[in-house]
Every structure is written in C-alpha cells, then in structure tokens.
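Order of listing sets the numbers, starting from 1, for every ligand and every atom in it. Along the sequence shown, residues carry numbers from 1. Computed over heavy atoms, backbone and side chain alike; hydrogens, waters and symmetry mates excluded.
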Amino acid sequence: MCESGCTMPIIGILSQETISLESRNLPKGLYRSYIAASYVKFVESAGARVVPIWIGRDREYYRQVVKKTNGILFPGGATWFHEEKGYGEAGGFIYEMAVEENKAGKHFPLLGICLGMELMLYLEAKRDQQLQSDCDSFRVSLPLHFVEGYQKSKLFSNASDDIIDILSTKDVTLNSHRFCITPEKFTEYSLHESFQCLSTNTDLNGLVFISSYESIKYPFYGLQFHPEKNAFEFVASQAGYVNHSKEAVAVTQYFANFFVDQARENKNSFSSVDEEDRNLIYNYNPLFYSLLGGNMQQIYVFNEEENRKEINIEKEENI
Ligand SMILES: *[C@@H]1O[C@H](CO)[C@@H](O)[C@H](O)[C@H]1NC(C)=O
Ligand SMILES: *[C@@H]1O[C@H](CO)[C@@H](O)[C@H](O)[C@H]1NC(C)=O
C-alpha cells in the first residue's frame, strides 16, 4: 500500500445528480448520479485507479472517502450547488475534510474542473452564489493568458517549455461554461488571500474570467477548461470544438500526470485489497451515452441499489 508515498494512487471522483441529462434522453428516475467516463480515463491514463464517490451520503461517508483515497477530482457538469443531497453538498463535506487533512500535515490534493473549479471558490466564498458571473464561453477552445507569477506556481513550474508554449499560443483549452469567476469578484470575495490566479481568458463578450488557479496553502487546483476532453471526448456534438491535435492531447496528459503525481505524495490506503476492489469503478460499466443522443460519449450511471455494495458498508450497518 502507500506507507512511503503511493506509486499506485486511487483517485475519488465525485458523481453528480443526473438532472441535466434527463432532457438528453437519459431514462428518467432510473439513475441517481453519473460520472463522465472521460474523467475516469483522464486519471487512469496517468497511472491511477478510480473510486466513484456518491452524492447524498452523510458526513462520515465522506470522511472515510477522504481517509482512504489519495486525492479527489471534482468534475465538470451542470447542477446547482444548493441541490439537496447533491454534488454541492457532497463537495462541501469533502472540501472541509481535505482542508483538515492538509492542516494535519497530510498532502491531500483536489482538482476541480469547470463546475468543480467553481465549486471550490464558491465554498471558500461562504457559499455566496453572487460570486459567479454569467459567462458566454461555450464550446470554444482557447489559449491561456498566463498571469504574472505563474512560472513559480506548483501547477506550472515543472511544465516543459513546449507545454507552456502550446498552452499559451494554441487553441487547446476547451471552455464549456455559462458561469465564471472574474478577477474582480475574486478580489471582492478575498479569494486572492487563499488562491493564486494563474491564468485568465476572455468570453465572447469580452468578459475576463479566471481560467486556472491554485491554493496558496494546500494542493488544491482549479481549471475552468476541460483538459480531459482533448484526449477522451469524441461526442459528435462537440466535434470541431474539442481539439484532438497531438499538442492538445499533450495538454491532457500534462494535467493528468500533474494531478496523479500530487496524489502519489499522499499515503492513504484502503484497509485491504478486498475493500479496494469493492470500491473501484471496475464494478460498473459505462453507458454509450451518445448513442442515445447524450452530450458525452460515455458516462457511468449509478443507482441506489448498486451503490450499496461499496465503501464502509460495515460502518453504515453499524450506525
Ligand atoms: C518539480 O520537479 C521536482 C524535480 O523532479 C520535484 O522535486 C518537485 O516536487 C516538482 N514540483 C511539483 C510541484 O510537482
Ligand atoms: C488545435 O490545436 C492546434 C495546435 O495543436 C491548432 O493549430 C488548431 O488551430 C486547433 N484547432 C482547433 C479547432 O481549435
């Protein structure tokens, strides 16, 4: 296992409610939550394995998850942060516990992508929805505008000149968001005291928004764009927006390697191989969602029945 740093890290990926997929031909009422398969492939491509994290559980469940995995990814998607027993609530528990772990001297990394990047700032801004601005940056690949100091950041200091060149000059970061956080709001909510903004971009109306950041104290990283899609999202509706060039795929690989390397510094582990097996995403098969008309090629869908097999089931029965 991981006593001296983990060469085989396990990343938890937070699932999310299926509301936004019900208008896109996902059968209603059958599934409670889902994870886009592109995020699973993203972390797997860098040598990690994945445990899906359920929504709607109690605080103790999320504590177990944070104690047993080596890092957590908050994926993108579409939901409201205040949905009862939803993604925002689960993310709030996880965030709080990840902060505790790091305060206790453990290196517990978080990566927020798109909605997940917004979630971490929202939580840090005392859950004030006014933090987010309306943004018109949908289905467009952009180069990053790095801001001063990015070379000294954790996220970019070890990036090769090639990667920095690609990121700063080519259309390789896929934006697909209706909300964003502007540098003005970032300052207004004092987020600059906890986070460093590393790059910005401009939406179709000229609004400048934060496109990447990292926490100053903790190994928490946020990307407004979707690094996972360049290598792993081929749904026809996004053809022409997602960039699949060699350079764009190198960008996917850069961020995947970075995050999984961060997780290798964490020493958590499941208590047995059996417990690991019961929790891994291998217990589930992805759905070929774009065949149904979905906006992602493959997704993992979950329902309550299936979810019962996994994590700290003993514990739940004891409660
Ligand atoms: C950058 O690379 C050096 C040398 O491999 C390593 O010691 C350091 O931890 C890396 N920094 C980050 C933030 O990954
Ligand atoms: C994709 O990236 C390449 C660089 O690798 C760039 O030349 C091209 O314009 C980009 N295409 C799109 C559709 O963004």
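The cationic group of Arg178 lies under 6.0 Å from the six-membered ring centre of Phe138 and within 45° of the ring axis, placing it in a cation-pi geometry.
For Phe186, there are no ring-ring contact (aromatic ring centres under 6.0 Å, His included) partners at least two apart in sequence or on another chain. The ring-ring contact (aromatic ring centres under 6.0 Å, His included) search around Phe209 returns His177, not counting sequence neighbours.
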Can you list every pair where an N/O of ligand 1 is under 3.5 Å from an N/O on the protein?
residue  : atom   : partner : partner atom : Å
ligand 1 : 2 (O)  : Asn158  : OD1          : 3.4
ligand 1 : 2 (O)  : Asn158  : ND2          : 2.2
ligand 1 : 11 (N) : Asn158  : ND2          : 3.0

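At a threshold of 4.0 Å, the pair Lys103-Glu100 does not count as salt-bridged, since none of the basic side-chain nitrogens sits closer than that to a carboxylate oxygen.
Heavy atoms of Asp171 found under 4.0 angstrom from ligand 2 belong to the backbone as well as the side chain.
Remark: ligand 2 and Lys170 share no N or O pair separated by less than 3.5 Å (distance only, no angle test).
If you chain together hydrophobic residues whose side chains sit under 4.5 Å apart, Phe234 and Ile113 never meet in one group.
Listed by number with element, the atoms of ligand 2 under 4.0 Å from a non-hydrogen atom of Glu247 are 4 (C), 5 (O). Those atoms of ligand 2 with a heavy atom of Ser245 less than 4.0 angstrom away are 1 (C), 2 (O), 3 (C), 4 (C), 5 (O).
With contacts defined as side-chain heavy-atom distances shorter than 4.5 Å, the pair Leu167/Thr173 qualifies.
Of the residues listed (Arg63, Lys67, His107), the one engaging Glu101 in a side chain to side chain donor-acceptor pair (under 3.5 Å) is Lys67, and it is the only one.
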Donor-acceptor contacts under 3.5 Å from residues 247-254 side chains, at least two apart:
residue : atom : partner : partner atom : Å
Thr252  : OG1  : Pro227  : O            : 2.8
Thr252  : OG1  : Ala231  : N            : 3.3
Tyr254  : OH   : Leu155  : O            : 2.5

